[in-house]
Amino acid sequence: MASSVAMIWVSCLLLLAAAWQGAAAAPRLTVGYYKKKCPAAEDIVKAVVGKALFQNPGLGAGIIRMAFHDCFVQGCDASVLLDPTAANPRPEKLSPPNFPSLRGFELIDEAKAALERYCPGVVSCADVIAFAARDSAFFLSSYRINYDIPSGRFDGSVSLETEALRFLPPPFFNLSQLVNSFKAKNMNEDDLVVLSGAHSIGVSHCSSFTDRLPPNPSNMNVALSALLQTKCPLAPNFTNDPTVVQDIVTPDLMDNQYYKNLRKRNVLFRSDAELLASSLTSRKVLQNALFPEVWERKFARAMVKMSAIEIKTATNGEIRKNCRIVNK
């Protein structure tokens, strides 16, 4: 009897030790992570973002999209920023989902350079993206979307074109494919609908939605379809692929207009239109269309949730000095 009790105690202690080690090894993000290490870090990024968006609001849409494209591939580790090298000529940024449409790299460079002057080697490029995306939403929403973003991420060293193709949902996905791609990253249907609201700002290349223009079948609003046909070639290619605004009503304001447009079928992508393909997602679209404050709060929560996907630690990451290359 005594030996059995002893064995149970030993087993319990081993389980507790394993749990403690797992918790200790787990990445932990905290609000105000740089308060002592680099007190002005978030203010520096916000100042750079604010200046850039004052001159070109579209860059903010690019930065929010960059955060999504970074986090869904290799986790939120700034792998999307890495330039091609002789050893890796095809990184994420050259993958079709990112090239040539992804914007904002120079803005991140500017913010990182300012941080390196103030506190060299402290703030990760992954955190710069997270801060810049939060600040972009703040400025583009006329200061309505504002939230604390936990930080303490490390930068990754792996960036592969093939992984961007594998994990980033393309604009022609149907609802089931979209839901599955989000669930693969521990994101749910509500996150899908809420984050799609970022399509209320920015532009899109015609090649991303011409599959929904005549002679192809589509449920796009006839008036929008006619307008787009005057702006897009029948067969866009790399040298002839114009851009159009994603939201024809409030193109430079991040608001819930996207959901009103969606209910009128005034959206570009099949992946947008597919949000009306189920009663569950349709209800969420309606709620976001009717209650802007609800969508704003949910968008903030979804961005924080997304920013914690597959975080790197000091054991498998680094703090890059230059966001475009790994440290020597």
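Atom set for the values below is all heavy atoms of this structure, side chains included, hydrogens, waters and symmetry mates excluded. In what follows, residues are counted from 1 in the order of the sequence shown.
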Between Lys112 and Val123 the two heavy atoms that sit nearest each other are NZ-O, 2.6 Å
Evaluate the criterion side chain to side chain contact (heavy atoms under 4.5 Å, CB included) for residue pair Leu168 and Leu165; output intermediate values, then yes/no. CA-CA 6 Å; Leu168 292 175; Leu165 286 166; over 6 Å; no
Next on the checklist: Does either side chain, that of Arg90 or that of Thr162, offer a donor lying less than 3.5 Å from an acceptor on the other one?
Outcome noted: no
Of His199, Gln246, Arg212, the one forming a side-chain contact (heavy atoms from CB on, under 4.5 Å) with Leu268 is Gln246
Is it the case that the side chain of Arg320 and the backbone of Gly156 share a donor-acceptor pair, with hydrogens and angles ignored and the cut-off at 3.5 Å? yes
Across all chains, not counting sequence neighbours, the side chain to side chain donor-acceptor pair (under 3.5 Å) partners of Asn237 are Thr239
If we ignore angles and hydrogens, is there a donor and acceptor under 3.5 Å between the side chains of Asp127 and Tyr34? yes
Using side chain to side chain contact (heavy atoms under 4.5 Å, CB included), reason through Val73 and Val80 one step at a time and then give a plain yes or no.
CA-CA 8 Å; Val73 184; Val80 73; over 6 Å; no
Trp295 side chain near Leu290 side chain, heavy-atom distance below 4.5 Å: no
Before you tell me yes or no, could you show the steps for Lys284 and Asp190 under salt bridge (charged side-chain N to carboxylate O under 4.0 Å, His left out), namely the whole-Å CA-CA distance, both residues' side-chain angles and the distance that decides it to 0.1 Å? CA-CA 7 Å; Lys284 295 179 184 298; Asp190 198 47; 3.5 Å; yes
Practice prompt. For Asn256 and Ala289, indicate whether the former's side chain and the latter's backbone hold a donor-acceptor pair under 3.5 Å.
Written response: yes
Checklist entry - Would a distance-only check, ignoring hydrogens and angles, find a side-chain to backbone donor-acceptor pair under 3.5 Å from His205 to Thr243? => result no
inquiry  = If you count every heavy atom of other residues, nucleotides or ligands that lies below 6.0 Å from Lys321 atom NZ, does the total exceed 12?
reply    = no
Q) So does Arg263 have more than 12 non-hydrogen atoms from other groups sitting under 6.0 Å from CZ? A) no
Sequence neighbours excluded, the answer for side chain to side chain donor-acceptor pair (under 3.5 Å) partners of Glu110 is none
Between Thr281 and Glu189, the two heavy atoms sitting closest are CG2-CB, 4.5 Å
Item checked: Backbone of Leu178 reached by a side-chain donor or acceptor of Ser181 within 3.5 Å -> yes
key: Plane angle bin for Phe139 and Tyr143 - parallel if under 30°, tilted between 30 and 60°, otherwise perpendicular   = perpendicular
Heavy-atom closest pair (Leu81 atom, Cys323 atom, distance to 0.1 Å) is CB-O, 3.5 Å
One should read off an interatomic distance between Asn261 CG and Thr250 OG1, to the nearest 0.5 angstrom, of 7.0 Å
Could you tell me if the side chain of Leu29 sits less than 4.5 Å from the side chain of Ile311, heavy atoms only? yes
salt_bridge(Glu310, Lys185) N-O dist < 4.0 Å = yes
Check: Arg153 main-chain N/O paired with Ser124 side-chain donor or acceptor under 3.5 Å: yes
Please test Thr30 against Ser151 for side chain to side chain contact (heavy atoms under 4.5 Å, CB included), starting from the C-alpha separation and ending with a verdict.
CA-CA 5 Å; Thr30 56; Ser151 50; 5.7 Å; no
Notebook entry, point to check: Less than 4.0 Å between a side-chain N and a carboxylate O, is that true for Asp191 and Lys305?
Noted result: yes
When rounded to the nearest 0.5 Å, the distance separating CG of Leu213 from CE of Met220 is 5.0 Å
Heavy-atom closest pair (Pro150 atom, Val304 atom, distance to 0.1 Å) is CD-CG1, 3.8 Å
message = Donor-acceptor check, side chain of Asn288 to backbone of Val194, threshold 3.5 angstrom: yes or no?
response = no
Pair Ser200, Asp247: side-chain N/O donor-acceptor within cut-off below 3.5 Å: no
Subject >> Over-ring placement of Lys46 relative to Phe138, 6.0 Å and 45° cut-offs >> reply: yes
Are side-chain N/O atoms of Ser225 and Gln229 paired as donor and acceptor at under 3.5 Å?
yes
Minimal heavy-atom distance between Asp272 and Tyr258, with the atoms involved, is OD1-OH, 2.7 Å
- Message: Ignoring hydrogens and geometry beyond distance, is a side-chain donor-acceptor pair present between Arg270 and Ser218 at under 3.5 Å?
- Response: no
Side chain of Glu318, backbone of Asn327: donor and acceptor closer than 3.5 Å?
yes
For Asp211, the side chain to side chain donor-acceptor pair (under 3.5 Å) test, sequence neighbours excluded, returns none
hydrophobic_cluster_shared for Phe182 and Ile309, side chain cutoff 4.5 Å | yes
Determine whether a donor-acceptor pair (N or O, by modelled atom type, separation under 3.5 Å) exists between the side chain of Glu274 and the backbone of Leu175.
yes
Heavy atoms of Gly104 and Met66 approach each other most closely as C-CE, 3.8 Å
(request) Flag the pair Lys93 and Asp83 as a salt bridge only when some basic side-chain nitrogen lies within less than 4.0 angstrom of an acidic carboxylate oxygen. (result) yes
Check: Does a donor on one side chain and an acceptor on the other come within less than 3.5 Å for His69 and Asn98?
Finding: yes
* Under 3.5 Å, is there a donor-acceptor pair linking the side chains of Glu163 and Gln74? -> yes
**Request:** For Tyr118 and Cys38, indicate whether the former's side chain and the latter's backbone hold a donor-acceptor pair under 3.5 Å.
**Result:** no
Quiz prompt | Under 3.5 Å donor-acceptor, Ser159 side chain and Pro91 backbone | solution = no
With a 6.0 Å cut-off on the ring centroids, do Phe209 and Phe172 count as close? no
Item to check | side chain to side chain contact (heavy atoms under 4.5 Å, CB included) between Met187 and Lys183, worked out | outcome: CA-CA 5 Å; Met187 305 287 280; Lys183 285 186 175 179; over 6 Å; no
